[in-house]
Amino acid sequence: MKILGINEDHNANAALIIDGKVVSCVAEERFSGVKNDTEYPRKSIDSVLSMAGLVGNEIDAVVFAGKISDPIQMKMKRVSTYSISDYVREQREYWKPTILEGKQSDYWERISKESKFANPNPPGYYNYSFLETVPETQWVESFNAVRKNTVAQHLGISEEKVVLMDHHRGHAAYAFYASPRSQRRSLIVTADGWGDGCNATASLYENGKIKEFFRTDMCNMARVYRWITLLLGMKPNEHEFKVMGLAPYAKDYIARPAYEIFKRTLVVDGLDFKWKEKPTDMYYYFRDAFEGIRFDGIAAGLQMWVEDLISEWIDNLMKHTGAEALYYSGGLSMNIKANKLIMGLDSVKEFHVPPSGGDESQSIGAAYALCEDFGIPPEPIKNTYLGPQYTLADSKAVLQKNDMTGFSIFENPTDELIADYLAGDYVFGRCVGAMEFGARSLGNRSILCNPSKIENLKHINEKIKFRDFWMPFTPSILAERGPEYIVNPKGATAEFMTIAFDSTAICREHLKAAIHPYDFTVRAQFVGPDTNPEYYSLLKAFEKKTGIGALLNTSLNLHGSPMVNTLDEALYTMLHSGLDGLILPGILVVRDK
């Protein structure tokens with residue numbers, strides 16, 4: 001059975017599952033070039049069908065992630081289009097008047113008509129004309145009809161084949177079915193900012209099905225994290241990871257005052273949460289409370305508070321259910337530092353966090369849930385290489401279109417040659433094999449370099465990525481060297497960069513540029529010969545040359561742009577940055593020095 005999964009929210013994407021196996025998954029941003037693009041993912045749908053050699057009317061069922069979607073925010077593409085100043089303006093012109101002053105505001109009506117947010121969609125995308133003809137109370141129902149009709153027309157199928165899946169059921173299905181099966185009693189937890197009226201659920205896997213026994217709209221940690229991100233001058237729904245990366249730098253005495261402010265708000269209440277002191281809103285309340293507290297202290301206090309709450313809540317759920325294995329997804333599962341604390345709980349004997357658990361995995365999760373409804377056993381995801389890939393002929397064609405004066409080009413380079421350059425502190429991009437799905441680059445759309453040289457951090461930050469100086473990089477580690485480099489007594493999955501681990505002494509020597517420079521934690525990716533043979537071979541060649549069983553790995557993109565998809569984009573990235581070279585299918589390009 002062929003099931004197409006669709007997610008339109010950040011990050012809009014599509015996935016194809018055939019007989020329970022995920023065969024492809026891509027995000028719309030990789031085709032549009034718009035970071036965290038939202039909308040009907042038409043290009044992504046075409047891509048997953050093309051990769052499988054299918055046409056639209058061969059699809060047996062289509063499932064949308066989410067039953068409730070705001071058509072105004074979708075039409076505006078709020079998440080992908082808003083700037084930081086737009087978010088601040090929204091606080092001033094909508095939330096402050098309506099929540100704090102008890103006034104009415106025409107903010108959404110005004111802003112949705114501004115040229116930046118009123119761009120009409122081309123034919124084949126969503127038609128929002130119903131916003132002008134039906135009452136606001138019917139917008140969600142009317143938009144759902146538009147969603148179904150759009151994909152039915154696109155694929156040439158009956159609308160009867162199209163269904164909508166509960167947001168958190170999709171997260172739960174992804175948490176469990178994308179991960180290895182446990183023989184232990186299994187608890188499945190979801191937690192995020194919001195979706196279909198709630199922000200957290202808990203389920204058990206029993207008799208071959210996921211059975212939800214709890215949901216709440218009080219798990220407000222992700223919402224608070226979002227608006228503190230804005231208070232710190234960064235973009236909500238995108239830069240929360242920067243706040244997490246900043247947090248370890250603050251001393252306890254600097255973080256403690258902010259932590260105490262957070263602690264007096266949301267608290268755990270058994271299996272649920274409650275407000276000890278309910279904030280008047282999520283922005284001005286904290287802005288006033290944090291007056292005089294340093295920025296890094298706010299970041300650290302926030303992270304400490306989230307770690308305490310999520311650990312206590314999950315511990316209560318584990319003890320309540322008697323479960324020993326934990327499966328976890330949703331936007332909050334992207335907080336790898338909190339995941340480290342969860343993994344350390346005595347009640348958690350086995351911990352699974354599948355790759356990229358935010359909404360970018362919802363196309364897979366919703367399709368998994370539909371598989372369950374149809375009685376089709378879903379298969380776990382063995383790797384994230386689910387996107388387009390290219391050939392040597394494609395590499396040659398791209399190079400022929402560009403002036404490569406000043407570069408040396410090697411055809412069919414050996415891994416040993418590439419490893420020689422990397423050992424000599426060259427920084428290379430790599431665009432080889434199928435593109436990764438999700439937020440993490442896992443070797444195929446990556447920037448790679450020697451992880452033992454701190455100097456490489458400055459080179460990447462200042463000449464290539466233009467990223468914030470405090471943000472750590474991550475390593476790709478040979479799976480067999482993993483026990484030497486990370487502390488992982490419970491054997492948690494470390495293939496997808498979903499959990500932070502403590503580092504060993506040799507890790508802090510070999511991988512000093514690829515771990516957090518202050519607390520020495522590491523967001524590891526283990527690479528084995530079965531998960532990515534070509535990348536594994538390169539890592540082995542580098543190990544043979546240097547004795548180091550890892551490479552520094554960060555995403556191949558320019559600042560503010562999505563991770564690259566095509567060879568053209570990879571070459572453009574090299575030509576417009578300080579990359580020393582580029583690894584393409586069958587080709588090595590090296591900048592002459």
Side-chain angles (χ1 to χ4, degrees), residues 229 232-234 239-255 258 294-304 306-307 334-341 343-344 422-423 425-427 439-442 446-477 481-482 484-488 494 497-526 542 546-557 559 578-579:
T229 299
L232 291 173
M234 291 175 269
H239 292 160
E240 284 81 356
F241 75 101
K242 294 186 179 184
V243 179
M244 180 178 62
L246 176 63
Y249 290 98
K251 301 290 187 183
D252 184 72
Y253 75 91
I254 294 174
R294 212 166 75 178
F295 67 99
D296 55 338
I298 296 172
L302 172 64
Q303 182 64 27
M304 290 165 56
V306 167
E307 290 174 0
M334 299 289 281
N335 191 310
I336 60 164
K337 300 299 285 294
N339 292 350
K340 178 177 178 291
L341 273 292
M343 180 178 60
L422 292 171
D425 296 327
Y426 279 63
V427 179
R440 311 296 186 212
S441 62
L442 297 175
S446 293
I447 293 172
L448 308 174
C449 69
N450 186 338
S452 69
K453 297 294 181 67
I454 284 291
E455 295 81 1
N456 288 333
L457 296 179
K458 187 173 182 181
H459 181 79
I460 296 175
N461 279 337
E462 295 188 0
K463 296 185 178 181
I464 303 169
K465 298 278 282 188
F466 313 110
R467 70 206 296 264
D468 301 302
F469 70 90
W470 68 81
M471 290 303 299
F473 288 102
T474 56
S476 295
I477 299 172
R481 297 289 298 273
E484 290 182 59
Y485 289 142
I486 70 168
V487 180
N488 186 15
M497 297 186 178
T498 56
I499 306 172
F501 298 88
D502 287 323
S503 58
T504 63
I506 192 172
C507 178
R508 293 192 287 274
E509 177 185 346
H510 283 191
L511 279 61
K512 64 183 67 172
I515 62 177
H516 197 289
Y518 198 81
D519 66 8
F520 306 129
T521 54
V522 54
R523 187 182 74 196
Q525 175 205 1
F526 285 1
F542 185 77
T546 64
I548 298 170
L551 286 168
L552 183 151
N553 166 16
T554 187
S555 58
L556 179 57
N557 63 286
H559 181 72
L579 273 174

- Item | Verdict with supporting geometry, V427 and K463, side-chain contact (heavy atoms from CB on, under 4.5 Å) | CA-CA 11 Å; V427 179; K463 296 185 178 181; over 6 Å; no
- Assess whether side-chain hydrogen bond (donor to acceptor under 3.5 Å, both in side chains) is satisfied between K242 and T229, documenting all intermediate values. CA-CA 8 Å; K242 294 186 179 184; T229 299; over 6 Å; no
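The shortest heavy-atom contact between A250 and A255 is CB-CB, 4.5 Å. Between C507 and Y485, the closest heavy-atom pair is CB-O, 3.1 Å. Shown here for M343 and A500, the closest heavy-atom pair between the two residues is CE-O, 4.1 Å. Nearest approach of A514 to P475, heavy atoms of both residues: O-CD, 3.2 Å. Pairing each heavy atom of N461 with each of F473, the nearest pair is OD1-CZ, 3.6 Å. Shown here for A524 and I477, the closest heavy-atom pair between the two residues is CB-CD1, 4.0 Å.
The pair D502-K340 meets the salt-bridge criterion, with a side-chain N (NZ, NE, NH1 or NH2) lying under 4.0 Å from an Asp/Glu carboxylate O.
Here the straight-line distance linking atom CG of N488 with atom CZ of F526 works out to 6.0 Å at 0.5 Å rounding. Atoms CZ and CD1, from R440 and I336 in turn, are 6.5 Å apart once rounded to the nearest 0.5 Å. Put simply, CD on E307 and CG on N339 are 9.5 Å apart, with the number rounded to the nearest 0.5 Å. Between the CZ atom of R523 and the CE atom of M244 there is a distance of 7.0 Å, given to the nearest 0.5 Å. Taking NE2 of H510 as the start and OG1 of T546 as the end, the distance is 7.5 Å to the nearest 0.5 Å. The line from CG of L511 to CG of N450 is 9.5 Å long, rounded to the nearest 0.5 Å.
Here the side chain of D468 pairs no donor or acceptor atom with the backbone of W470 at under 3.5 angstrom. Judged by distance alone, with hydrogens and angles left aside, the side-chain atoms of S555 form no donor-acceptor pair with the main-chain N or O of S441 at under 3.5 Å. Side-chain atoms of R508 come within 3.5 Å of backbone N or O of S503 as a donor-acceptor pair.
Each of D425, I548, L552 was checked for a side chain to side chain contact (heavy atoms under 4.5 Å, CB included) with S452, and the lone residue meeting it is I548. The only member of N553, T474, T554 that meets side chain to side chain donor-acceptor pair (under 3.5 Å) when paired with S446 is N553.
Between Y426 and H459, the distance separating the two ring centers is not shorter than 6.0 angstrom.
Between P517 and F469 there is no side-chain heavy-atom pair separated by less than 4.5 Å.
Taking F501 as the reference, nothing meets the ring pair (Phe, Tyr, Trp, His ring centres under 6.0 Å) condition, with sequence neighbours excluded.
N335 and Q303 are linked by a side-chain donor-acceptor pair at a separation below 3.5 angstrom, with hydrogens and angles left out of the test.
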